[in-house]
Amino acid sequence: QVQLVESGGGLVQAGGSLRLSCAASGRTFSSYAMGWFRQAPGKEREFVAAISWNGLSTYYADSMKGRFTISRDNAKNTNYLQMNNLKPEDTAVYSCAAASRTSRSLYDYDYWGQGTQVTVSS
């Protein structure tokens, strides 16, 4: 089992930045690929970014490329999502997840955090 806890969400103005953190406990964090997903009210959960177990490969949804950066620190059992130039349409609950392989599909992820709310005002 892997337990995931997100933090760092909040209210920010358009154009601002936030850094989300996802702290993991339980089984070996470094053996898992990590992903971030988000879900806005009335919408399906969508892929944001993913990072391989060793941090060497990263993937982003097209709308986040150039604005969001995913990273990880295996020594701290934590991965991060740096979000810059935030837009009102980025408002959602952001959740991190762990998988045995790097993937854009939420169905490949076995463990999920509870999520953290990000609200971007215009």
>> As a quick check of understanding, evaluate side chain to side chain contact (heavy atoms under 4.5 Å, CB included) for Ile70 and Gln82, giving each step before the final call.
In response: CA-CA 6 Å; Ile70 189 171; Gln82 177 68 43; over 6 Å; no
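Residues passing the side-chain hydrogen bond (donor to acceptor under 3.5 Å, both in side chains) test with Ser17 are Asn84, sequence neighbours excluded.
Donor-acceptor pairing under 3.5 Å is lacking for the side chains of Asn74 and Ser30. For the residue pair Trp36 / Asn79, a side-chain donor-acceptor distance below 3.5 Å is found, with atom types taken as modelled. A donor and an acceptor atom, one from each side chain of Arg19 and Tyr80, are nowhere located under 3.5 Å apart.
Closest approach of Ala92 and Gln117 over heavy atoms only: O-NE2, 3.4 Å. Residues Ala98 and Leu4 come closest through the heavy atom pair N-CD1, 3.8 Å. Contact detail for Asn85 and Arg67: the closest heavy-atom pair is O-NH1, 3.0 Å.
Classification of Asp90 and Lys87 as a salt-bridged pair fails, no side-chain N sitting under 4.0 Å from a carboxylate O.
Residues Val118 and Val93 have side chains not in contact (no heavy-atom distance under 4.5 Å, counting atoms from C-beta outward).
Judged by a 6.0 Å distance limit and a 45° cone about the ring axis, Arg72 is positioned over the six-membered ring of Phe29. Both the sub-6.0 Å distance and the 45° axial angle are not jointly satisfied by Arg45 relative to the ring of Phe37.
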